[in-house]
Amino acid sequence: MLLFTPGPTPVPENIRQSMATPTIHHRTPEFEAIFRRARELLLEMLGMDEVVLLASSGTGAMESAVTNLTSSKILTINAGKFGERFGKIAKAHNIDYKELMYEWNTPADVNEIVNEIKADSSIDAIAIQISESSGGLRHPVEEIAKKVKEINPNIMIIADGITAMGVEKIDISNIDAVIGGSQKAFMLPPGLAILGLSQKAVEKVGKGRGFYFNLASEIKKQRENTTAYTAATTLIIGLVEILEELNRFGFDNLYTTTRKRGEAVRKALESIGLNIYPKVSSLAMATIYHEKTPEIRKLLKSKYSVNVAGGQEQLKNSIFRINNMGLIESSEIAWVLNSVESAMAELDLRKFDGTANRVFTESMILQ
Ligand SMILES: *Cc1c(COP(=O)(O)O)cnc(C)c1O
């Protein structure tokens, strides 16, 4: 089965092998050297001032960012399940919040956010997805961050980059916290969260809040190449392995390849009459709106051994999402596109003539 969901992504064989070594103790110079390397590579990759690794899924880093970086009120942007989650986190912690809602295909409105900030001076943090995976949507985070900082540089910009980290070069110039997760573009198993922080964010953390997700305790320990509690040693070993590999490949090269492939895939899907769902597409995935989504996905799975993601809630049966994160073999994505076209032919939606593959290949070669 080809796993083509936008998280989890497949774990390459060499990375799996690197994690198959005997467990080492986390309070040893041996592990501290590995941890140091993970920090170095992440700081270089992200360009942030500080980085924290948490033994949790991505949501743990979302929660720690919200609780440690909000003092009075947070503005959350809800254009899907993950944006909604920021509001739920605030609510669970009795943190005052205001939520702006958008359709799942619609990017956040910069002016609306600016007006909200101007109208309510108690807002001291904003949480938004760079790529909202629910609808494969890209928010204009850079522009929002820039405008907000012009009004008040002390407002913390919390960016959920779980499907942006390792996908595109994130412009962190006005961002205070950027969140990543192991199971997306890092091609690792789930269970490790990454949190990049600006100097301003580190200052705001101060003594930190909460217990397990108290960033002050973690920052203190992690600067000494250890963790406050038992580190996710196996995942961190895998992280160093993949980061070294991506570093050799070149991060810029990774971003260029991902962009080129993402655009070629979208073009190919459109060439066979499919419609892209989001008004502004995230590079992490191709999201197609189609009434026959359940039938298409079923055929992809049963006949072509391809697993793509469906939608959630109101979009459960009307969108499907094809992953574009990580190192993907051209032959595999070509197979996926061929399978989508074949499935459409079998459902009498169009004739099969190899258009998707031709357009994809032309786009990759002639671009
Ligand atoms: C996958 C994902 C998350 C994190 O979910 P976890 O299941 O906690 O790892 C958060 N935000 C976005 C945009 C995601 O795609």
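Every number for a ligand or one of its atoms is a count from 1 in the order of the listing.
With a 4.0 Å cut-off on non-hydrogen atoms, Lys184 touches ligand 1 through its side chain and not its backbone. Contacts of Ser131 with ligand 1, taken as heavy-atom pairs under 4.0 Å, involve the backbone alone.
Atom 9 (O) of ligand 1 has as its closest protein heavy atom Gln183 NE2, 2.8 Å. Summary of contacts: the protein heavy atom closest to atom 4 (C) of ligand 1 is Ile162 CD1, 3.5 Å. Scanning all protein heavy atoms for the shortest distance to atom 15 (O) of ligand 1 gives Ser133 OG, 2.5 Å.
Of the charged side-chain nitrogens involved, at least one lies within less than 4.0 Å of a carboxylate oxygen, so that Lys81 and Glu84 count as a salt-bridged pair. By the 4.0 Å N-to-carboxylate-O rule, Lys292 lies too far from Asp348 to be salt-bridged with it. A salt bridge does not link Asp120 with Lys98: none of the charged nitrogens is closer than 4.0 Å to a carboxylate oxygen.
Judged by the shortest distance from any of its heavy atoms, Ser134 lies outside the 4.0 Å radius around the atoms of ligand 1.
In this structure, of Asp160, Thr163, Leu137, Thr59, the residue bringing a heavy atom nearest to atom 11 (N) of ligand 1 is Asp160.
For a threshold of 3.5 Å applied to N or O pairs, the pair formed by Gly58 and ligand 1 contains at least one separation below that value. Any N or O atom pair closer than 3.5 Å counts here, and Gln129 shares no such pair with ligand 1.
Below 4.0 Å from some heavy atom of Ser57 lie the following atoms of ligand 1, by number and element: 6 (P), 7 (O), 8 (O), 9 (O). Ligand-side atoms of ligand 1 in range of Arg85: 5 (O), 8 (O), range being under 4.0 angstrom from any heavy atom.
Summarising the geometry, atom CD belonging to Glu63 is positioned 11.0 Å from atom CD1 belonging to Ile179; distances are rounded to the nearest 0.5 Å.
Between the side chains of Glu329 and Ser331, not a single donor N or O lies within less than 3.5 Å of an accepting N or O. With no hydrogens or angles considered, a side-chain donor-acceptor pair links Thr106 and Lys279 at under 3.5 Å. For the residue pair Lys200 / Asn154, a side-chain donor-acceptor distance below 3.5 Å is found, with atom types taken as modelled.
Checked against ring-ring contact (aromatic ring centres under 6.0 Å, His included), Tyr229 has the following partners two or more places apart in sequence or in another chain: Phe211, Tyr212.
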